[in-house]
Amino acid sequence: MSQPPARGRALFALLLLRCIVVAGPWLAHLFVADLLLTLLLPLSVPFPTLSYDAASQVAASVWLAVQSIFTHVNGAKITVSGTLPLQESAIVVSNHVEWADFYLIQALAINAGMLGRCRWFAKQQLRWIPFLGWGLWAMRMPLVSRKWTADKKEMDRVFHGIVWMGWPTSHKKPILHHTLYPRTRGFVASVSHLRRVPRMQAVYDVTLAYAKGNKFMAAPTFWQTLSVPNLSKTWDFYVHVDRYPLDELPDTDEDLALWLEDRWVEKDARLESLREALARGESWETIDSAKSSKDF
C-alpha cells in the first residue's frame, strides 16, 4: 500500500532536512577541495609528481568523507569478498548498477590504502553537476560519452601515445542474465598503454551486487545514500574482487577483448549464485563466493 500523500510529503521533507544536515558540510568540503585542485593545476606541468600527490590527498579527504556518510552515518554495511595487496597500482573493471557503485569500489580502495589514488572513467554529463563535475575535471579524470570517436580524443588526453586498433566482434557468446557485455575498446587501449608503466601491476575484476529485501540488484539512489538512515535494514551491499597480474594477460588486442568478455561470463555466474542464495534466504556472507567476506 502506498503512503497517504500528506504522510509521504512529510517523510520527504524530513529526509530532505536530514540530507541537508548530513551532506551540507560535505558539499562545503567538496567546494573547498575543488578550489584547491584548481590552484594545483598550474603546478602540474613543472611539478607533476608533487601536484599529483597533493591532488590525491585532497581527493582522499573528499571520498573518505562521503564514504563515512554512507557507512557510519547512514549505516550501510558492505560485504567484501576477496583480498588485495596494499598500495598496488592496478586497472579496475566492474559491472555497473547505480550511483552507489562507487561506495563499494571505494571500500576496496580504502582497504588497499589507495583511496586518494583512484581515477575514474566518468560520464561526460557529470561535468555539469555543481561541485562534483569541476572536481572531476580538475583531477584530470577522463570524461567519456560512449561514442568512440569522441572518447578516443578524451583518452588521448589522458593516455598519450596509445596505438588504437579495432578487432572483430566475437559471435555465439553465452547469454548474460545480470549484466551486459563490456565495451572492450577502452579497456584494451588502457591496458596497452599502462602495461608499459613499471608500477602498474594488475587488473582488478570487481563484481557488485545489491538486494532490497528479496529483490535482486535493486540499489539505492545517490539521494537515498545521503538521506536514508540505517541503509542496511533495507538494502544488502556486496562487492567481490579478483586480481589478475598484468603480465599474465594476453598480448594482442583481440585476445584482450575476449579475455575481458570471459571475465564478464564469470561475473554473471557469480551474480546468479548470489541471486539464488537470496532466493533461498541465505546471507551473502555465508555462501561459497564470499568465504573470506567481512563488513566495512
Side-chain angles (χ1 to χ4, degrees), residues 19-74 86-92 94 99-145 150-162 186 189-190 193-194 196-201 204 222-223 225-226:
C19 182
I20 292 172
V21 172
V22 169
W26 176 69
L27 288 174
H29 181 179
L30 180 58
F31 177 71
V32 173
D34 286 349
L35 293 178
L36 292 174
L37 290 171
T38 302
L39 294 175
L40 286 171
L41 283 176
L43 299 177
S44 61
V45 175
F47 307 105
T49 301
L50 176 64
S51 64
Y52 181 87
D53 289 343
S56 295
Q57 290 295 323
V58 173
S61 69
V62 173
W63 302 136
L64 191 61
V66 75
Q67 191 79 5
S68 180
I69 292 173
F70 182 63
T71 56
H72 298 302
V73 178
N74 288 340
L86 292 173
Q87 300 288 323
E88 181 180 60
S89 295
I91 301 167
V92 179
S94 174
W99 261 92
D101 292 353
F102 78 90
Y103 293 114
L104 277 59
I105 296 174
Q106 285 190 164
L108 296 175
I110 291 171
N111 195 35
M114 293 294 282
L115 181 62
R117 304 286 176 171
C118 290
R119 298 295 185 271
W120 305 77
F121 285 86
K123 292 181 180 179
Q124 197 175 65
Q125 294 90 329
L126 295 182
R127 70 174 61 183
W128 306 115
I129 296 180
F131 303 107
L132 177 63
W134 179 256
L136 293 175
W137 180 83
M139 287 287 290
R140 293 179 294 173
M141 297 188 188
L143 303 174
V144 296
S145 65
D151 291 344
K152 177 182 179 299
K153 296 178 181 179
E154 176 65 7
M155 292 181 70
D156 277 338
R157 180 180 69 86
V158 180
F159 301 137
H160 297 291
I162 296 177
S190 298
H193 178 72
L194 292 175
R196 308 169 197 166
V197 179
R199 64 179 176 274
M200 191 63 60
Q201 298 294 316
Y204 298 163
F222 187 53
W223 149 258
T225 67
L226 294 176

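In this chain, residues are counted from 1 in sequence order. Heavy atoms only: backbone and side chains are in, while hydrogens, waters and symmetry mates are out.
- Applying the side chain to side chain donor-acceptor pair (under 3.5 Å) criterion to S68, with sequence neighbours excluded, gives no partner residue.
- The two residues Q87 and G113 come nearest to each other via the heavy atoms NE2-O, 2.7 Å.
- When the side-chain contact (heavy atoms from CB on, under 4.5 Å) test is applied to V45, no partner is found at least two apart in sequence or on another chain.
- What you find for A107 and Q67 is that their closest heavy atoms are N-NE2, 3.8 Å.
- Every residue two or more places apart in sequence or in another chain was checked for a side chain to side chain donor-acceptor pair (under 3.5 Å) with Q201, and none qualifies.
- With a 4.5 Å cut-off on side-chain heavy atoms, L86 and N111 do not count as touching.
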Evaluate M200 against S190 for side chain to side chain contact (heavy atoms under 4.5 Å, CB included), listing each step before the verdict. CA-CA 11 Å; M200 191 63 60; S190 298; over 6 Å; no
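- Partners of S94 according to the side chain to side chain donor-acceptor pair (under 3.5 Å) rule, which considers only residues two or more places apart in sequence or in another chain, do not exist here.
- The two residues G116 and A59 come nearest to each other via the heavy atoms O-CB, 4.3 Å.
- Remark: V62 engages W26, H29, L30, A33 in a side-chain contact (heavy atoms from CB on, under 4.5 Å) (not counting sequence neighbours).
- For residues 39-49, there are no salt bridge (Lys or Arg N to Asp or Glu O under 4.0 Å) pairs, not counting sequence neighbours.
- Partners of F102 by ring pair (Phe, Tyr, Trp, His ring centres under 6.0 Å), not counting sequence neighbours: none found.
- Residues that satisfy the side-chain contact (heavy atoms from CB on, under 4.5 Å) test with V22, not counting sequence neighbours, are R18, I69, V73.
- Atom SG of C19 is separated from atom CZ of F222 by 8.5 Å, given to the nearest 0.5 angstrom.
- In terms of the side chain to side chain donor-acceptor pair (under 3.5 Å) criterion, residue partners of D101 (sequence neighbours excluded) are, by chain and number, H96, Y210.
- Residues V66 and Y103 are in side-chain contact: their nearest non-hydrogen atoms beyond the backbone lie under 4.5 Å apart.
- Note that CD1 of I20 is 10.0 Å distant from CG of L27, once rounded to the nearest 0.5 Å.
- Taking CG of L108 as the reference point, atom CE of M114 lies at 12.5 Å (rounded to 0.5 Å).
- The two residues L115 and A60 make their nearest non-hydrogen contact at CD2-O, 3.9 Å.
- To the nearest 0.5 Å, atom CZ of residue R199 and atom CG of residue L194 are 9.0 Å apart.
- Residues that satisfy the side-chain contact (heavy atoms from CB on, under 4.5 Å) test with L43, not counting sequence neighbours, are L40, F47, S51.
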With side chain to side chain contact (heavy atoms under 4.5 Å, CB included) as the criterion, how do T225 and N74 come out once you've worked through the C-alpha distance, each side chain's angles and the decisive distance to 0.1 Å? CA-CA 7 Å; T225 67; N74 288 340; 5.8 Å; no
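- Within the structure, salt bridge (Lys or Arg N to Asp or Glu O under 4.0 Å) pairs that include any residue of residues 40-67 comprise D53-R117 (at least two apart or interchain).
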Run F70 and Q106 through side chain to side chain contact (heavy atoms under 4.5 Å, CB included) and show every step you take. CA-CA 11 Å; F70 182 63; Q106 285 190 164; over 6 Å; no
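- Among pairs with a residue in residues 35-50, none fulfils salt bridge (Lys or Arg N to Asp or Glu O under 4.0 Å), at least two apart in sequence or across chains.
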